[in-house]
There are 2 protein chains.
Amino acid sequence: MSSAAETIRNKKMPVVAIAGATGAVGVELMACLEQRKFPLAELRLLASARSAGKTMKFRGSDIAVRELTDGSLDGVDVALFSAGGAQSKRFAPVAVRAGAVVVDNSSAFRMSHDVPLVIPEINASAIAQHKGIIANPNCVAIVAATPLWPIHQRARIKRLVMSTYQAASGAGAAAMEELGESTRAFLEGRAFQPKVLPHPYAFNVFSHNTKVDPETGYNEEEIKVMNETRKIFGEPSLRVTATCVRVPVLRAHCIALNIELETPLTPAEARALLASAPGVRVVDELERNYFPMPVDATGIDEVLVGRIRRDLSDPTGHSLSLFVAGDQLRKGAALNAVQIAERLLS
Amino acid sequence: MSSAAETIRNKKMPVVAIAGATGAVGVELMACLEQRKFPLAELRLLASARSAGKTMKFRGSDIAVRELTDGSLDGVDVALFSAGGAQSKRFAPVAVRAGAVVVDNSSAFRMSHDVPLVIPEINASAIAQHKGIIANPNCVAIVAATPLWPIHQRARIKRLVMSTYQAASGAGAAAMEELGESTRAFLEGRAFQPKVLPHPYAFNVFSHNTKVDPETGYNEEEIKVMNETRKIFGEPSLRVTATCVRVPVLRAHCIALNIELETPLTPAEARALLASAPGVRVVDELERNYFPMPVDATGIDEVLVGRIRRDLSDPTGHSLSLFVAGDQLRKGAALNAVQIAERLLS
């Protein structure tokens with residue numbers, strides 16, 4: 001039996017590690033553990049050698065960051081990985097061998113057949129099938145799928161067209177910094193050379209900065225979103241397309257969703273379904289022109305959903321349009337990972 | 001015969017007026033007239049009483065702004081209106097009675113049966129049917145329709161789903177100012193109360209700030225885009241939907257376009273069509289991840305188009321995705337109006 005399983009069976013408090021503690025998601029993981037009073041015997045903060053020795057505050061105490069090495073994972077029960085795909089590939093198996101259950105925020109294992117890909121509001125039951133690693137989905141997939149799931153359960157989504165408005169945070173803390181710095185430079189009339197992202201970010205919009213597949217023309221982010229949505233829904237043949245775009249926003253993603261349903265659903269029915277759905281908050285005030293926005297989604301747990309309307313381009317009444325906003329670092333990454341860890345322990 | 005027709009028949013240089021000369025589009029109209037060496041005997045700058053007396057530079061000379069009144073339109077051959085719908089409704093008929101042809105940038109007359117709605121690259125022939133007023137389309141309709149037209153001609157668009165990334169300029173110079181000011185305040189940690197737009201704009205995204213129809217849930221901007229695209233294409237039953245969203249960008253709109261075609265068209269065929277289409281520039285460098293961006297679309301005449309790919313959610317191969325960027329003030333407003341005026345004179 002793994003030490004994690006033993007710890008959980010004996011209802012002992014687990015040793016939790018964060019790999020990638022100093023990154024944007026790492027910081028948010030600590031905030032979620034603290035705010036949600038996650039039961040733990042020890043929090044171990046792991047990062048690259050460069051960050052080792054820094055201290056970070058958790059529950060009022062300073063914790064020294066240690067270098068992520070094989071030995072650093074000894075005795076860990078739950079390892080929350082957010083240090084990039086290469087580090088996950090290298091160290092997640094080490095953590096599993098050391099007895100930990102890994103919740104991995106990278107894309108390294110998401111599409112592996114023996115790795116559950118989990119949004120607790122949708123497929124928490126898949127957690128039980130893990131073989132040491134549970135994958136945390138792509139942020140866009142989480143922000144889209146959470147509100148789409150209740151609609152899919154009721155009316156079955158046949159086709160899904162997503163256009164994203166993605167924040168800097170998905171590219172890490174340095175990208176958020178670059179957005180601020182380049183915008184400041186623009187306003188002061190100074191030149192600015194982008195270092196983190198491939199294009200100017202100040203008052204600009206650009207296609208997602210992942211590699212574009214020369215065959216299909218889709219970028220890696222889009223492929224992730226499409227494949228992961230299918231896997232999370234357990235619908236391998238769901239027809240889905242995505243256009244992933246970065247906008248000058250710090251940490252909340254928006255997505256325009258166009259969905260074609262098997263069974264017609266009125267906007268009022270969709271609104272009622274969403275109003276009682278977990279992890280979702282309806283923000284759909286037509287009279288005030290008040291709908292989901294990054295400023296309102298930032299720092300909260302729920303995905304905001306609004307602009308719920310019949311798609312007038314489908315005369316059969318089987319299509320709906322929605323607009324959603326969700327905190328990329330929170331529900332799109334750290335919160336979802338901590339929710340998975342909570343289910344592991346419960 | 002109107003004085004405009006007489007002027008044109010006699011190949012005399014026309015008297016041109018700009019109503020709304022001090023606005024964002026007015027300033028760009030002057031720039032377009034100057035850069036394109038528009039033949040004119042006199043340029044008359046008209047605006048509200050508040051702006052009367054200001055001077056503006058045109059071809060190296062100062063022109064004093066006059067108040068837009070009934071009398072101010074006497075002797076005008078071509079009147080370019082961009083002073084808002086109310087002013088157009090009030091003064092465009094006056095200009096027509098005074099003998100002018102009006103090119104109106106407001107939405108006041110766009111859907112009137114006896115008013116041509118023109119993008120010269122698409123339906124220049126409709127100009128001849130004017131009865132004194134020619135309407136300049138909505139900026140999103142122009143930026144989307146210009147690259148879609150060659151595709152529609154070849155393969156017939158059956159259904160069109162648009163998600164927009166709209167700049168501040170569509171809400172006027174004051175909105176552009178507010179975007180800059182609110183962003184500066186955000187970066188300096190100062191509070192900022194929006195005055196021009198209904199929502200915070202700094203590092204935020206929000207649904208378009210036009211009235212939302214309580215019946216359909218669509219906002220006025222979306223309805224304009226949908227109806228105008230149908231009218232410009234001469235396809236009253238074209239199935240089209242739009243989600244119009246403002247992003248923190250100064251003056252170029254982007255649009256994610258998802259199109260379903262009557263006849264299959266490969267991305268390579270679409271790219272070739274677009275490469276030779278007027279008013280369009282293909283920016284579709286997959287290897288460099290270089291696609292249409294507001295920073296590149298700003299200040300140029302062409303609409304940029306890229307991300308040309310097969311929509312993988314349509315297994316029949318009848319659907320394509322595109323991403324476009326166009327200068328809202330230029331091709332989206334002033335340039336298109338001046339192009340219409342050029343056709344009037346030619």
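Below, chain A is the first sequence line, B the second, and so on; all start at residue 1. The structure presented is a predicted model; accordingly, all values stated were derived computationally and were not measured.
- For chain A, the nearby parts of B/N289 are the backbone and the side chain; heavy atoms of each come within less than 4.5 Å.
- The most heavy-atom pairs under 4.5 Å with chain A, out of B/A167, B/G180, B/S207, B/A256, come from B/S207.
- In this structure, B/R307 pairs ionically with A/E222, as a charged nitrogen and a carboxylate oxygen lie closer than 4.0 Å.
- Note on B/D314, B/T183, B/L238: by heavy-atom pairs under 4.5 Å with chain A, the leading option is B/T183.
- When heavy atoms are compared at a cutoff of 4.5 Å, B/T210 approaches chain A solely by way of its backbone atoms N, CA, C and O.
- The only option from A/D213, A/T216, A/T243 that meets the side-chain hydrogen bond (donor to acceptor under 3.5 Å, both in side chains) definition with B/R309 turns out to be A/T243.
- Between chain B and the options A/P200, A/P315, A/P267, the largest number of non-hydrogen pairs under 4.5 Å is found for A/P315.
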- I would like to know whether B/N258 and A/N258 meet side chain to side chain contact (heavy atoms under 4.5 Å, CB included); could you show each step before the answer? CA-CA 10 Å; B/N258 185 275; A/N258 186 276; over 6 Å; no
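- Heavy-atom distances place the backbone of B/T164, and not its side chain, under 4.5 Å from chain A.
- The part of B/F186 that comes within reach of chain A is its side chain, from C-beta onward, which places non-hydrogen atoms under 4.5 angstrom from that chain.
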- Task: Determine, stepwise, if the pair B/F203 / A/V295 fulfils side chain to side chain contact (heavy atoms under 4.5 Å, CB included).
- Result: CA-CA 8 Å; B/F203 304 109; A/V295 289; over 6 Å; no
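- For B/A242, the part lying near chain A is the backbone, with the side chain staying farther off; criterion is any non-hydrogen pair under 4.5 Å.
- In this structure, the portion of B/V240 lying under 4.5 Å from any heavy atom of chain A is its backbone and not its side chain.
- Taking the six-membered ring where tryptophan is involved, the planes of B/Y165 and A/Y165 are essentially parallel, since the angle between them stays under 30° and well short of 60°.
- Classification of B/R310 and A/E215 as a salt-bridged pair fails, no side-chain N sitting under 4.0 Å from a carboxylate O.
- Looking at B/P248, both its backbone and its side chain come within 4.5 Å of chain A, counting heavy atoms on both sides.
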- Message: With side chain to side chain contact (heavy atoms under 4.5 Å, CB included) as the criterion, how do B/L312 and A/T241 come out once you've worked through the C-alpha distance, each side chain's angles and the decisive distance to 0.1 Å?
- Response: CA-CA 6 Å; B/L312 296 177; A/T241 185; 5.5 Å; no
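- A heavy-atom distance below 4.5 Å is found between the side chains of A/F323 and B/V205.
- Taking the six-membered ring for Trp and the full ring otherwise, A/F291 and B/F206 have centroids separated by 6.0 Å or more.
- Contact check for B/V249 versus A/N204: no side-chain heavy atoms found under the 4.5 Å cut-off.
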- Query: How far apart are the C-alpha atoms of B/L160 and A/S313, what are their side-chain angles, what is the distance that settles it, and do they pass the side chain to side chain contact (heavy atoms under 4.5 Å, CB included) test?
  - Reply: CA-CA 8 Å; B/L160 169 58; A/S313 78; over 6 Å; no
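- With respect to the salt-bridge test (charged N to carboxylate O, under 4.0 angstrom), the residues B/D311 and A/R159 qualify.
- For chain A, no part of B/E285 is nearby; none of its heavy atoms comes within less than 4.5 Å.
- The existence of a salt bridge linking B/E287 and A/K211 is excluded, since no basic side-chain nitrogen approaches an acidic carboxylate oxygen closer than 4.0 Å.
- Ranking A/D284, A/L250, A/V212 against chain B, the residue ahead of the rest is A/V212, based on heavy-atom pairs under 4.5 Å.
- Other residues, nucleotides and ligands contribute more than 12 heavy atoms inside 6.0 Å of the CD atom of A/E262.
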